[in-house]
Enquirer: 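I am attaching a structure below and will ask some questions about it afterwards.
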Amino acid sequence: MKYYKESEALDKVLGKEGSPLRDDYESQMNEFLIGEAIRQAREAKHLTQSELGELVGVKKAQISKIENGCNVTFATIARLFRAMGVKAVLDMGEIGRFAI
């Protein structure tokens with residue numbers, strides 16, 4: 001049995017980096033991971049989705065969508081973490097690091 005590194009497996013299944021299918025996969029994975037980080041931060045602060053929504057001026061349904069990786073923008077991420085009083089550092093690889 002041959003073992004593959006993650007990047008090799010992704011290359012075989014989704015194509016090389018920069019291919020449309022691979023880019024779409026990586027985008028969706030990043031959105032999921034950001035949503036998961038928001039959910040974990042919210043739960044660590046003992047907030048419900050409704051309570052977090054009230055802090056940022058949106059409805060519970062919008063918080064649910066964000067936590068599920070939908071409608072995630074940098075501005076929204078920053079607002080949510082600021083509202084929860086959470087310091088977050090986004091590592092953008094070669095682009096640099098940004099603190100929220």
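The model shown is predicted, which means the values in this text are computed figures rather than measured ones.
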Enquirer: To the closest 0.5 Å, what do you measure between CG (Leu21) and NZ (Lys16)?
Expert: 14.5 Å
Enquirer: Looking at every heavy atom in both Val72 and Ile66, which two are closest together, and how far apart are they?
Expert: CG2-O, 3.7 Å
Enquirer: For the side chain of Arg22 and the backbone of Gly15, is there at least one donor-acceptor N/O pair under 3.5 Å apart?
Expert: yes
Enquirer: Rounded to the nearest 0.5 Å, how far does CG of Leu80 lie from CZ of Arg82?
Expert: 10.5 Å
Enquirer: Identify whether Tyr25 and Ile34 are in the same connected component of the hydrophobic contact network (ILVMFWY, side-chain heavy atoms under 4.5 Å).
Expert: no
Enquirer: For the NZ atom of Lys59 and the CD atom of Gln49, what is their distance to the nearest 0.5 Å?
Expert: 14.5 Å
Enquirer: Would you say Asn68 and Arg39 make side-chain contact, with heavy atoms under 4.5 Å?
Expert: no
Enquirer: Would a 4.5 Å heavy-atom cut-off, applied to side chains only, mark Glu51 and Lys45 as touching?
Expert: no
Enquirer: In this structure, would Leu14 and Phe32 fall into the same cluster of hydrophobic residues linked by side-chain contacts under 4.5 Å?
Expert: yes
Enquirer: Identify the two heavy atoms, one from Val56 and one from Ala83, that lie closest to each other, and give their separation to 0.1 Å.
Expert: CG1-CB, 3.4 Å
Enquirer: Are Val58 and Arg79 side-chain neighbours, meaning at least one heavy-atom pair lies under 4.5 Å?
Expert: yes
Enquirer: For a 4.5 angstrom cut-off between non-hydrogen side-chain atoms, does Leu47 reach Leu55?
Expert: yes
Enquirer: Drop me the distance from Ile77's CD1 to Glu31's CD, to the nearest 0.5 angstrom.
Expert: 9.0 Å
Enquirer: Who are the side-chain contact (heavy atoms from CB on, under 4.5 Å) partners of Asp24, not counting sequence neighbours?
Expert: Gln28
Enquirer: If I take atom CD from residue Gln62 and atom OG1 from residue Thr76, how far apart are they, to the nearest 0.5 angstrom?
Expert: 7.0 Å
Enquirer: Distance check, rounded to the nearest 0.5 Å: Glu54 atom CD versus Lys60 atom NZ?
Expert: 12.5 Å
Enquirer: Identify the heavy atoms of Met84 and Ile38 that sit nearest to each other, and give their distance.
Expert: CE-O, 4.1 Å
Enquirer: Less than 4.5 Å apart, side chain to side chain, heavy atoms only: is that true for Met29 and Glu26?
Expert: no
Enquirer: Which heavy-atom pair separates Ala9 from Tyr4 by the least distance, and what is that distance?
Expert: N-CB, 4.2 Å
